[in-house]
Engineer: 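Pasting a structure below so you can have a look.
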Number of protein chains: 2
Amino acid sequence: MLRIGKLTDYGLVVLNQLALVGAVKQSTDDIAQATGLTVPTVRKVMKAIVDAGLVIAQRGSKGGYRIAVAPAQISVLDVVQAFEGPISLTECSADDNQCEITESCSLSSNWTGINDLLLRVLRDITLDDIRHPEVQDTLHHQIVDQLQRIQLVNL
Amino acid sequence: MLRIGKLTDYGLVVLNQLALVGAVKQSTDDIAQATGLTVPTVRKVMKAIVDAGLVIAQRGSKGGYRIAVAPAQISVLDVVQAFEGPISLTECSADDNQCEITESCSLSSNWTGINDLLLRVLRDITLDDIRHPEVQDTLHHQIVDQLQRIQLVNL
DNA sequence: TAATACCCTACCAAATTAGTATGGTATTAC
DNA sequence: GTAATACCATACTAATTTGGTAGGGTATTA
């Protein structure tokens with residue numbers, strides 16, 4: 001139903017927690033306790049955001065995780081892609097494989113445009129925005145206002 | 001992976017086909033042949049868009065389907081919702097059920113804003129836009145241009 | 001009354017996702 | 001150099017969702 005995965009959501013929660021404590025390293029257990037997530041789930045989440053370069057992991061005693069990038073530099077798109085790979089609304093626009101319904105498929109390729117718009121929106125919203133609801137509200141209204149001013153060419 | 005379902009895509013293809021012939025009624029077989037989809041799949045697609053009121057069905061001999069609304073009045077959002085129900089990126093923002101991680105969930109509620117933006121974009125693009133790629137390109141550029149002019153408040 | 005063509009429900013198989021378990025490896029402290 | 005800490009990698013299971021299919025029912029028209 002056009003949903004993002006739960007893990008993506010968890011990822012945002014964890015990043016928020018890491019942003020909260022700044023440079024202080026936190027272990028898996030710390031994070032689990034702070035967020036209310038289970039330890040195994042946190043582990044899974046950490047792998048994704050470490051691989052994406054959003055978080056730095058240090059092993060061994062005295063190890064732990066700390067955020068690698070300033071919250072204002074982490075976009076929602078970064079997080080979504082860390083968990084769900086490259087975004088593409090349809091198979092057509094993503095892979096290079098041809099779809100079966102060749103004749104009608106020229107139409108489907110238009111999803112690409114919608115896809116780009118979605119990417120743009122997700123890229124323009126940062127972890128910092130998310131963390132401050134009142135700021136995010138303002139941002140939200142700004143974008144909606146702009147969209148409302150757009151005259152559709154064919155109407 | 002933040003995908004729309006194949007059926008939704010098919011729905012758009014079928015609606016395009018119906019729009020092509022205007023007021024002429026088409027049977028399931030006609031549509032299947034014209035689009036390259038299988039008959040059972042077309043049946044499933046038709047149910048969704050008939051229920052959504054986008055297409056009118058007439059039974060009996062001489063029956064068939066015809067488009068119920070002008071293509072310029074059918075938004076991509078209409079089609080997506082016909083197949084995938086109300087759009088909500090997270091469970092939190094959709095249902096009234098409480099999520100388990102209570103403390104951190106205030107953060108998750110910010111998905112709502114992103115959700116609204118997505119709805120807005122999908123609602124502003126019509127079947128007519130989709131059918132004319134060059135028009136849709138223009139539209140696309142317009143929206144992206146507007147988005148680019150937005151200054152994020154916290155940067 | 002028979003032919004046409006939509007309608008409804010249910011079923012099956014494949015893919016995806018969430019959650020869990022387990023053994024391995026790097027770093028630090030003593 | 002050994003033990004404790006804590007991250008790492010892989011794999012497995014169960015639940016959910018999705019796509020595709022089947023079969024019998026009902027309305028309309030000739």
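Chain naming here is simple, since letters A, B, ... match the order of the sequence lines and numbering starts at 1 in each. Source: prediction; values computed, not measured. Values reported hereafter were calculated over all heavy atoms of this structure, with side chains retained and with hydrogens, waters and symmetry mates removed.
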Engineer: How close or far is atom P of C/dT17 from atom CG of A/Asp9, stated in whole angstroms?
Structural biologist: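 After rounding, the reported distance stands at 15 Å.
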
Engineer: Atom CD1 of B/Ile49 and atom C1' of C/dC6: how far apart are they, to the nearest Å?
Structural biologist: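 It is 13 Å, rounded to the nearest whole Å.
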
Engineer: Let me know the distance between CZ of B/Arg3 and C1' of D/dT18, rounded to the nearest Å.
Structural biologist: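 From B/Arg3 CZ to D/dT18 C1': 13 Å.
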
Engineer: Okay, side chain of A/Glu84, backbone of A/Gly5: is any donor-acceptor separation there less than 3.5 Å?
Structural biologist: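 Looks like yes, one N/O pair under 3.5 Å.
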
Engineer: Whole Å only: how far is the CD atom of A/Glu84 from the P atom of C/dA15?
Structural biologist: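 My rounded result for the distance is 19 Å.
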
Engineer: If you take all heavy atoms of A/Met46 and A/Leu18, which pair is closest and at what distance?
Structural biologist: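 That closest heavy-atom pairing would be CE-CD1, 4.1 Å.
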
Engineer: Considering only C/dG19, C/dC6, C/dC8, which nucleotide approaches the side chain of B/Lys47 most closely?
Structural biologist: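 Within the option list, the nearest is C/dC8.
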
Engineer: Write down the distance between NZ (A/Lys25) and P (C/dT27), rounded to a whole number of angstrom.
Structural biologist: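 It works out to 12 Å between those atoms.
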
Engineer: Go ahead and name the base partner of C/dC12; Watson-Crick or wobble counts if both distances stay under 3.5 Å, otherwise write none.
Structural biologist: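 Partner of C/dC12: D/dG19.
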
Engineer: Can you list the residues that meet the side chain to side chain contact (heavy atoms under 4.5 Å, CB included) rule with A/Val39, with sequence neighbours excluded?
Structural biologist: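 A/Val39 satisfies side chain to side chain contact (heavy atoms under 4.5 Å, CB included) with A/Thr28, A/Asp29, A/Ala32, A/Arg43 once adjacent residues are dropped.
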
Engineer: May I have the distance from B/Ile56 (atom CD1) to C/dC6 (atom P), rounded to whole angstrom?
Structural biologist: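 Nearest whole value for this atom pair: 14 Å.
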
Engineer: For A/Gly63 and for A/Asp51, locate the closest nucleotide of DNA chain D by heavy-atom distance; then report the residue assigned to the nucleotide nearer the 5' terminus.
Structural biologist: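 Comparing both residues, the 5'-ward one is A/Gly63.
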
Engineer: Counting side-chain heavy atoms from CB outward, which of D/dC8, C/dC7, C/dA18 is closest to A/Leu7?
Structural biologist: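 Of all the options, the side chain of A/Leu7 is nearest to C/dA18.
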
Engineer: Once you round it to whole Å, what is the distance between P of C/dG19 and CZ of A/Phe83?
Structural biologist: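 Those two atoms, CZ and P, are 12 Å apart.
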
Engineer: For the backbone of B/Ala48 and the side chain of B/Asp51, can you confirm whether one donor and one acceptor N or O come within less than 3.5 Å of each other?
Structural biologist: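 Side chain of B/Asp51 to backbone of B/Ala48: no pair is present.
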
Engineer: Once each nucleotide of nucleotides 21-30 of chain D is scored for protein heavy atoms under 4.0 Å, what B/S/- sequence comes out, 5' to 3'?
Structural biologist: B---BBBBS-

Engineer: Below 4.0 angstrom from OP1 or OP2 of D/dT18, is there any side-chain N or O of B/Tyr10?
Structural biologist: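 The answer is no; no side-chain N or O of B/Tyr10 sits under 4.0 Å from OP1 or OP2.
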
Engineer: For B/Val13, is there any backbone N or O sitting under 3.5 Å from a side-chain donor or acceptor partner on B/Asn16?
Structural biologist: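 No: the side chain of B/Asn16 does not pair with the backbone of B/Val13.
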
Engineer: Is the shortest side-chain heavy-atom distance between B/Leu37 and B/Val14 below 4.5 Å?
Structural biologist: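 Contact flag for B/Leu37/B/Val14 side chains = yes.
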
Engineer: Expressed as a whole number of angstroms, how long is the span from A/Asp29:CG to D/dA6:P?
Structural biologist: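 Nearest whole value for this atom pair: 7 Å.
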
Engineer: Can I get a per-line list of side-chain donor-acceptor pairs under 3.5 Å for residues 59-72 of chain B, giving both atom names and the distance, sequence neighbours left out?
Structural biologist:
none

